[in-house]
Amino acid sequence: MIKSEPDVFGIDDLAAARGRRTSWDGVRNYQARNFLRDEMKRGDLAFFYHSNCAEPGIAGIAKIVKEGYPDTTAFDSSDPHYDPNSDPSRPRWYMVDVQLQRKLKRTIALAELKRHADDELRGFALLRRGNRLSVLPVSEEHWRFISSIE
DNA sequence: GCCAACGTTGGC
DNA sequence: GCCAACGTTGGC
């Protein structure tokens with residue numbers, strides 16, 4: 001799952017992007033970085049989640065079209081995500097490229113997902129207390145369940 | 001706008 | 001290595 005604030009870059013922005021794809025850059029959290037760098041494979045699907053907005057929830061599905069590679073925004077001193085501690089010879093931050101697979105027929109609200117926190121979605125990282133990860137794993141079982149309630 | 005939950009930073 | 005201060009995330 002990849003999270004984004006729709007006011008900044010939402011599912012419709014991805015739909016409007018050239019090739020319906022974009023670089024998922026600017027992630028500056030080590031755990032999230034590890035998922036981008038090590039876990040997400042070309043062809044994998046990811047839920048696109050809208051955070052920090054009126055109706056937080058899953059808005060669409062994206063596909064990983066390029067596996068983890070160094071996040072070049074970290075090297076650009078004029079970029080808001082610039083990190084002087086990330087050296088091009090030893091990059092600290094990684095990104096992937098994603099492409100819109102499709103928007104969901106409806107946004108599956110966080111409130112609805114929460115109703116299944118103790119059964120079908122038990123253990124889902126999104127629902128764990130204090131979760132703030134912007135990139136997080138979804139198990140096969142959880143993926144199938146969420147797909148089934150669309 | 002408020003606030004809880006973190007992660008990071010930096011002094012010691 | 002500890003821990004207080006600070007900044008950020010994100011639901012409400």
Side-chain angles (χ1 to χ4, degrees), chain A residues 1-17 21-40 44-64 67-139 141-143 145-150:
Chain A
M1 166 173 286
I2 53 178
K3 291 158 73 175
S4 186
E5 302 187 19
D7 292 346
V8 178
F9 189 90
I11 194 80
D12 290 329
D13 294 300
L14 184 57
R21 57 187 281 167
T22 192
S23 297
W24 207 256
D25 59 21
V27 173
R28 296 292 180 267
N29 169 283
Y30 288 104
Q31 216 181 332
R33 185 278 312 270
N34 293 345
F35 291 129
L36 290 174
R37 186 189 59 189
D38 306 330
E39 304 294 335
M40 299 169 97
D44 283 353
L45 298 181
F47 285 126
F48 191 116
Y49 179 88
H50 280 167
S51 67
N52 202 16
C53 56
E55 198 197 11
I58 299 171
I61 295 174
K63 183 162 70 177
I64 310 306
E67 291 180 18
Y69 62 107
D71 182 344
T72 49
T73 65
F75 310 139
D76 178 359
S77 61
S78 69
D79 191 282
H81 299 293
Y82 175 58
D83 180 0
N85 293 317
S86 184
D87 187 285
S89 67
R90 274 180 50 108
R92 174 174 297 193
W93 305 114
Y94 282 72
M95 57 187 173
V96 299
D97 288 358
V98 302
Q99 181 176 46
L100 180 66
Q101 179 88 352
R102 63 182 180 88
K103 289 175 67 170
L104 294 193
K105 296 192 272 287
R106 64 181 185 99
T107 294
I108 302 177
L110 176 62
E112 180 175 355
L113 297 173
K114 279 181 172 175
R115 290 202 287 274
H116 304 280
D118 291 328
D119 40 88
E120 293 94 339
L121 295 179
R122 178 181 294 278
F124 185 23
L126 179 72
L127 305 178
R128 277 208 285 267
R129 213 169 61 101
N131 152 70
R132 283 165 34 204
L133 275 180
S134 63
V135 181
L136 49 90
V138 183
S139 72
E141 293 76 11
H142 293 163
W143 182 280
F145 174 73
I146 293 166
S147 299
S148 77
I149 62 175
E150 179 187 358

Rounded to the nearest angstrom, tell me the gap between atom [atom1] in [X] and atom [atom2] in [N].
| X | N | atom1 | atom2 | value |
| --- | --- | --- | --- | --- |
| A:Y30 | B:dT8 | OH | C1' | 9 Å |
| A:W93 | B:dG7 | CH2 | C1' | 10 Å |
| A:L136 | C:dT9 | CG | P | 15 Å |
| A:N34 | B:dG7 | CG | C1' | 14 Å |
| A:I2 | C:dT9 | CD1 | P | 16 Å |
| A:Q31 | B:dC6 | CD | C1' | 11 Å |

Without placing hydrogens or testing angles, list every side-chain donor-acceptor pair under 3.5 Å for residues 46-59 of chain A, not counting sequence neighbours.
residue, atom, partner, partner atom, Å
A:H50, NE2, A:I11, N, 3.0
A:N52, ND2, A:E5, OE1, 3.4
A:N52, ND2, A:E5, OE2, 3.4

Exercise. Sorted by first residue and then second, give each ring-ring contact (aromatic ring centres under 6.0 Å, His included) pair with at least one member in residues 74-107 of chain A; sequence neighbours left out.
Key: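 Applying ring-ring contact (aromatic ring centres under 6.0 Å, His included) to every pair that reaches into residues 74-107 of chain A, excluding sequence neighbours, yields A:Y30-A:W93.
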Quiz item: For A:R28, what residues pass the salt bridge (Lys or Arg N to Asp or Glu O under 4.0 Å) criterion, not counting sequence neighbours?
Solution: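 Applying salt bridge (Lys or Arg N to Asp or Glu O under 4.0 Å) to A:R28 gives A:D71.
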Self-check item: Contacts of A:R122 that satisfy salt bridge (Lys or Arg N to Asp or Glu O under 4.0 Å) - sequence neighbours left out
Solution: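 Listed in chain order: nothing, the list is empty.
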Practice problem: Could I get the full list of side-chain contact (heavy atoms from CB on, under 4.5 Å) partners for A:E120, not counting sequence neighbours? | Solution: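 A:H116, A:F145.
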Show the distances under 3.5 angstrom between N or O atoms of the protein and N or O atoms of nucleotides 10-12 of chain C.
residue, atom, partner, partner atom, Å
C:dG10, OP1, A:K3, NZ, 2.9
C:dG10, OP1, A:R132, O, 3.0
C:dG11, OP1, A:Y49, OH, 2.7
C:dG11, OP2, A:N52, N, 2.8
C:dG11, O3', A:K114, NZ, 3.4
C:dC12, OP1, A:K114, NZ, 2.4

Quiz item: Rounded to the nearest 0.5 Å, how far does CG of A:D97 lie from OG1 of A:T22?
Solution: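 Between A:T22 OG1 and A:D97 CG, I get 7.5 Å after rounding to 0.5 Å.
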